[in-house]
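Notes follow once the structure below has been shown.
All values below were derived from every heavy atom in this structure, side-chain atoms included, with hydrogens, water molecules and symmetry-related copies excluded.
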There are 2 protein chains.
Amino acid sequence: MATRASGRSTREAIRAAASRLFRERGYARTPVRDIAALAEVNPALVIRYFGSKEELFLETMRLTIDDEPLLDVPIDRFGERFVDVVLSSEQDIRDVHLALVRGSGEERIAERLREVHEDSLVAPLRARLSGVDADLRARMAAAVVGGLLYSLWIVGDHALESERDVLVRRYGAIVQDIITPET
Amino acid sequence: MATRASGRSTREAIRAAASRLFRERGYARTPVRDIAALAEVNPALVIRYFGSKEELFLETMRLTIDDEPLLDVPIDRFGERFVDVVLSSEQDIRDVHLALVRGSGEERIAERLREVHEDSLVAPLRARLSGVDADLRARMAAAVVGGLLYSLWIVGDHALESERDVLVRRYGAIVQDIITPET
DNA sequence: GTCTATAAGGGGATAGAC
DNA sequence: GTCTATCCCCTTATAGAC
């Protein structure tokens, strides 16, 4: 095999392959060799560049939610919009989330999951809430959204996958009820 | 080591050890050897009795929810009671559920998770509901309860672990809102 | 910067004696 | 029914040549 391009692009090729395979098959079921093969790179390089498989996993399984669509929405429609954003597939929130959940037997992966849950689900909700129970309400709403992801992707609840619009509306209503302070 | 008791009790010892370790450490992080050690039994016997590690896992990670407390409760308090039952630690619903979620990268374990989700969460809710949307509502409520478990145990959301009573009441209210038909 | 070759360990599972 | 001994595969990770 010919020597490939410079170190920079090799690193990126490994990262891209790892990101894809980890999301598709999860941590435990993705050998380093498979990552190397997909990246068309020597297996030794994977470790050389990233130190260990776990480092590589943590390096690739990050999330930053795009909260722009959340900023300009009126508070009484926030629940629906939030569900909409989470379910939007542009960023692969769901895949990364799923991989983290399944890998959470490993302590450091669990830690990353907590960060992702906090930063991507709790924080955006919390930012728009006020009142004494704001924190608890944000966490409950985040848990509910987590439950939606769990149901859709982990248990594969196809019966819940009605029209996307219906899902966003009904689930949005649940979230909305939680974040709206009790009368 | 002296020969232990009869085959019957050996089988039970293996089952008990496996059940405990799988719940504590999960599928991937529990070697057959550790199960044998805890059961004070030869490693070869584990496979001999149960065929494979995966079979043993599926054999031990079952759930049957005790739905007696659900039968005599008035429908308008059903949500709260349901959350109460799920969080009651008598049966280790949560541990088994957690182990199944984390193991769900394996196809057969995912299948078992779907069964458990269906039988222990969806079905008890569905049994008390009626109306056109009954099925969808039952599934959404089940997903929400799954979200609670997810948040409490998988991400370890300690901030959500307020007083148990508070949790049951507030989360029960959410479930109740879902299973109560819209006006 | 990339390769070959291999170390070093752990895993599940099996054969066959007792 | 239970044991010892071991097979065999797969894994991550490293050493050192090119």
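Under the 6.0 Å distance and 45° angle rule, Lys53(A) does not count as a cation-pi partner of Phe22(A).
Put simply, the side chain of Glu24(A) never gets that close to the backbone of Asp95(A): no donor and acceptor are under 3.5 Å apart. A donor-acceptor contact shorter than 3.5 Å links the side chain of Arg137(B) to the backbone of Ile179(B).
Spacing between atom CG of Leu45(A) and atom C1' of dA15(D) amounts to 14 Å, rounded to whole angstrom units. Rounded to whole angstrom, the span from the CG atom of Asp34(A) across to the C1' atom of dC10(D) amounts to 11 Å. Summarising the geometry, the separation between CD on Glu40(A) and P on dT2(C) is reported as 14 Å, rounded to the nearest angstrom. The interatomic distance linking Asn42(A) (CG) with dT6(C) (P) rounds to 14 Å, in whole Å. Going from atom OH of Tyr49(B) over to atom C1' of dT14(C) covers 17 Å, rounded to whole Å. When the C1' atom of dG1(D) is taken as reference, atom CD of Glu12(B) falls 16 Å away, rounded to whole Å. In this structure, the CZ atom of Arg29(B) is 14 Å from the P atom of dG10(C), given to the nearest Å. Remark: P of dT14(D) and CZ of Arg48(A) are 10 Å apart, rounded to the nearest angstrom.
At dG1(D), none of the side-chain N or O atoms of Thr10(B) fall inside 4.0 Å of OP1 or OP2 (strictly under the cut-off).
Using a 4.0 Å cut-off between charged side-chain N and carboxylate O, Asp84(A) and Arg164(A) make a salt bridge. Taking the charged nitrogens against the carboxylate oxygens, Glu115(B) and Arg62(B) have no contact shorter than 4.0 Å, which rules out a salt bridge.
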Scan nucleotides 11-13 of chain C against the protein and return all N/O pairs shorter than 3.5 Å with their distances rounded to 0.1 Å.
| residue | atom | partner | partner atom | Å |
| --- | --- | --- | --- | --- |
| dG12(C) | OP1 | Val32(B) | N | 3.4 |
| dG12(C) | OP1 | Lys53(B) | NZ | 3.0 |
| dG12(C) | OP2 | Val32(B) | N | 3.0 |
| dG12(C) | N7 | Arg33(B) | NH1 | 3.0 |
| dG12(C) | O6 | Arg33(B) | NH2 | 3.1 |
| dA13(C) | OP2 | Lys53(B) | N | 2.9 |

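Contacts classified as ring-ring contact (aromatic ring centres under 6.0 Å, His included) and involving residues 135-154 of chain A (residues at least two apart or in different chains) are given here: Tyr150(A)-His97(B), Tyr150(A)-His117(B).
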